[in-house]
Amino acid sequence: MSEPQTQSFQAEVRQLLDIVIHSLYTDKEVFVRELISNASDSLEKLRLKQLTENSVYQGDLDLEISITTDEEAGTITFADHGIGMTREELDQNLGTIARSGSKEFLEALKEKGDANASVIGQFGVGFYSAFMAAEKVEVYTHSWDESAPSLKWESDGQSGYTVTEIEEDEKRGCRIVVHLKEDSKDFAQNTNLKGIIDRYSRFVSFPLILNGERVNTVEAIWLKSKNDISEEEYEEFYQYCAHAADKPRHTLHFSTDAPININALLFSPDENHERFGFGQMKAGVSLYCRKVLIDSEPQGLLPEWLRFLRGVVDSEDLPLNISRESMQDSALVKKLNSLLTKRFIKHLTRQAKSEPEQYQEFFDRFGRFLKEGIATAFDHHESLAGLLRFESSMTEEGKKTSLDEYLTRAKEEQDSIYYLVGVNRKAMEDGPYLEAFQKRGMEVIFFTDGMDDYIMETLREYKGKKLVSADRAEIEMDDLPDEQAKLSEEEGKELIEWLGKTLGDKVDKVELGKRLVSHPVVALTPQDAPSGQMRAMMEAMGENAPEMKARLEFNPGHELVAKLNALRSENEEVAAQVANQLADNALLAAGLVKNPAGIVAGMNQLLGSLMK
Ligand code: ADP
Ligand code: MG
């Protein structure tokens, strides 16, 4: 028998405990849910062990969760006959935060405080929540592995914990004794506790026995018919699956028989916590076969971008003893994946039609995921693209439109959909690219997300129309009838020749253009090169964007260009400085300047010449 060992909690755990105990969670009662959920997880893991291991310690114990209270002493005991823990597992699971997302979660929580307390369960803070109500927690355990000892883990949630090997044989699993704080003793009251269990844990799929009385009815709500389920039941089930307190935004309940048998109940949450800087969500749709849980985090059941979905998928076609590893690339799971994805996209597409405002709200919060879907998977490109929403030169500020609506407004002969990517709407409205399109009554989409550029490049087309960035050199434009060139054709030709020589290899080509109205010059990028936005993104990620030269289009109708032409014969040196400066400005506006300091130097030189 070894001596008791006292260990300090990992620094992150201490931090977490501090937050959990002092600042968060007005709903202390959720610790009941967390401990029951751990017991249930552990029983599920045991069920899987029994399929793969030859022998499991005390293999015939009932798979149920028993909760007993002692009001007098102020204790609640949660006991399960699940997989239990070894010494190492106690250290690993109850002494550290193993999950990488948890650290980020901590940081984010510290900034945001109570407002986001409801997400705590999703990040694996689970077990430690017991210390909101407890002054001491004891965990008695024996692992499923026969050779492991019986152990007792004990802590007051302050700085550390003690693990002792105990002499009396523990039954397999965990027995967690929560010693309630003075102000939390009420939780040990039978009716009180029963109410809490009913609220949070009625869908647990193992028998829950409170002081000898069975308190949950194990029911697979997803196998019931829609008509027999009330909205409240859906809501409660969602809250149970998602460990959440909000209402689901979407509820998608359906069954199919061909090509595969599926009973699915999927929810999308109200809020997307990723957009507040919380770590990546974990997949949250569990896979069942005839009510038996196969995997609560099945790899590959849904594409990565649908990680915000919660719920259950039950398929009779799954072999019960399928291993997690082989499941990942099984043809069946791939089929399930494709079918579920299609169904959810269809659900969204329908909502976008019938409840455009609700859909818009969903898109504002979860649109990022749809874009991720476009970026990472090819199978659903067109349907996902149809779900995108954005402002455009033809929408009011703040109002959004879709690609389909764009197409209804497009001119018959227009074979492309034009877009710009910029920091905000104003910058794109004021920039040099929009006006040529506006003059010709063509709509330009305004994208403001750095990712959008990449998304458009990936999509390439929508319903047979090419998606083209409005800063591309290849776009052909009709003449505008009322265009007033300030230079004659001959003057224009000479100026271009001179500009070509003067600018040298700063640019690929110089031309007189028809696009511009109020700007003197614009830089255009070739279709097959990364756009300015994309280049900026690549640089930010430490990649080198390929060398590329832009084409400059000078505006023959612009005052400045006419004056530059005149200056050429009066003072060629200053004219060259001006030409370079105009070119630099255009390249800068296009996001094609690597070294802005060079521009400042040129500008100073020019100022010097002008003040001679
Ligand atoms: P999570 O459940 O999200 O993993 P928790 O903080 O609730 O996080 O639990 C931490 C870990 O402690 C669990 O992942 C599990 O390995 C272990 N654990 C907790 N309770 C039990 C239990 N009753 N039986 C076996 N292991 C448990
Ligand atoms: Mg847990």
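All ligand and atom numbering here is 1-based and tracks the order in the structure. We number each residue from 1, following the sequence as shown.
If you check each of Leu46, Asn38, Asp80, Leu16 against atom 21 (C) of ligand 1, the one with the closest non-hydrogen atom is Asn38. When the heavy atoms of Lys45, Glu89, Gln92 are ranked by distance to atom 14 (O) of ligand 1, first place goes to Lys45. Which of Asn93, Ile36, Thr96 comes nearest to atom 16 (O) of ligand 1 through a heavy atom is settled by distance: it is Asn93. Nearest to atom 22 (C) of ligand 1 by heavy atom, out of Ala79, Ser143, Ala130, Cys174, is Cys174.
Remark: Trp222 engages Asp314 in a side-chain hydrogen bond (donor to acceptor under 3.5 Å, both in side chains) (not counting sequence neighbours).
Partner Arg249 forms a salt bridge (Lys or Arg N to Asp or Glu O under 4.0 Å) with one of Glu361, Glu355, Glu235 and no other, that one being Glu361.
Checked against the 6.0 Å centroid threshold, Tyr57 and His142 count as a close aromatic pair.
Figure legend: cation-pi geometry between Arg175 and Tyr140, with NZ or CZ positioned under 6.0 Å from the six-membered ring centre and within 45° of its axis.
Against a heavy-atom cut-off of under 4.0 Å, Gly126 is close to the following atoms of ligand 1: 6 (O), 7 (O). Distances below 4.0 Å separate heavy atoms of Leu94 from the following atoms of ligand 1: 12 (O).
Taking the six-membered ring for Trp and thresholds of 30 and 60 degrees, Phe378 and His381 have ring planes more than 60 degrees apart, a perpendicular arrangement.
Within the structure, ligand 1 has Met85 among the residues with a heavy atom less than 4.0 angstrom away.
Put simply, Asn38 gets within reach of the Mg ion (ligand 2), with an N, O or S atom under 2.8 Å from it.
The minimum heavy-atom distance linking Thr86 with Ala148 is given by the pair CG2-CB, 4.1 Å.
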